[in-house]
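First comes the structure, then the notes that go with it.
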Amino acid sequence: ADGRKAVGECADVSVGGAGILVTQAKNPGLVEGTKIKIRIQHVGRAKGVESDAQVISVANVGQMVRYGVRFDSVAKIVQ
């Protein structure tokens, strides 16, 4: 909602959500319950997948922060 962008690595993805890793230096400081817009881009696809999502978990993993997110619309993911 505030226009900030962060780039992370997709640790895992499913139809219902994803696990996103970001470095501590690039950590946007999201908290559980935060509504976000997520874009997942795979090197094998010309176009990324975008969806509104909600942060459901936040965990420190070594030098990284892992965000667990749940997609708001499965239909937007399964295109």
Check the pair D52 / S73 against side-chain contact (heavy atoms from CB on, under 4.5 Å), numbers first and verdict last. CA-CA 7 Å; D52 292 326; S73 172; over 6 Å; no
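- With hydrogens and angles ignored, the 3.5 Å screen pairs a side-chain donor or acceptor of S14 with a backbone N or O of G16.
- Note that the CZ atom of F71 and the CD1 atom of I40 stand 4.0 Å from one another [nearest 0.5 Å].
- Atoms OH and CG, on Y67 and N27 in that order, are 3.5 Å from each other to the nearest 0.5 Å.
- Using a 4.5 Å heavy-atom threshold, the side chains of V7 and V22 count as separate.
- Atoms CE and OG1, on M64 and T23 in that order, are 6.0 Å from each other to the nearest 0.5 Å.
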Let's go through V49 and V13 carefully: what are the C-alpha distance in whole Å and the side-chain angles of both, what is the deciding distance for side-chain contact (heavy atoms from CB on, under 4.5 Å) to 0.1 Å, and is it a yes or a no? CA-CA 12 Å; V49 176; V13 65; over 6 Å; no
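- We find that D72 and K37 are not joined by a salt bridge, their nearest charged nitrogen and carboxylate oxygen being 4.0 Å or further apart.
- Atom-to-atom distance recorded for Q41:CD and C10:SG is 11.5 Å, nearest 0.5 angstrom.
- In this structure R39 satisfies the salt bridge (Lys or Arg N to Asp or Glu O under 4.0 Å) test together with E50, sequence neighbours excluded.
- The only member of V65, L30, V31 that meets side-chain contact (heavy atoms from CB on, under 4.5 Å) when paired with V58 is V65.
- Under the side-chain hydrogen bond (donor to acceptor under 3.5 Å, both in side chains) criterion, Q24 pairs with N60, sequence neighbours left out.
- A distance of 8.5 Å separates CD in E32 from CD1 in I56, rounded to the nearest 0.5 Å.
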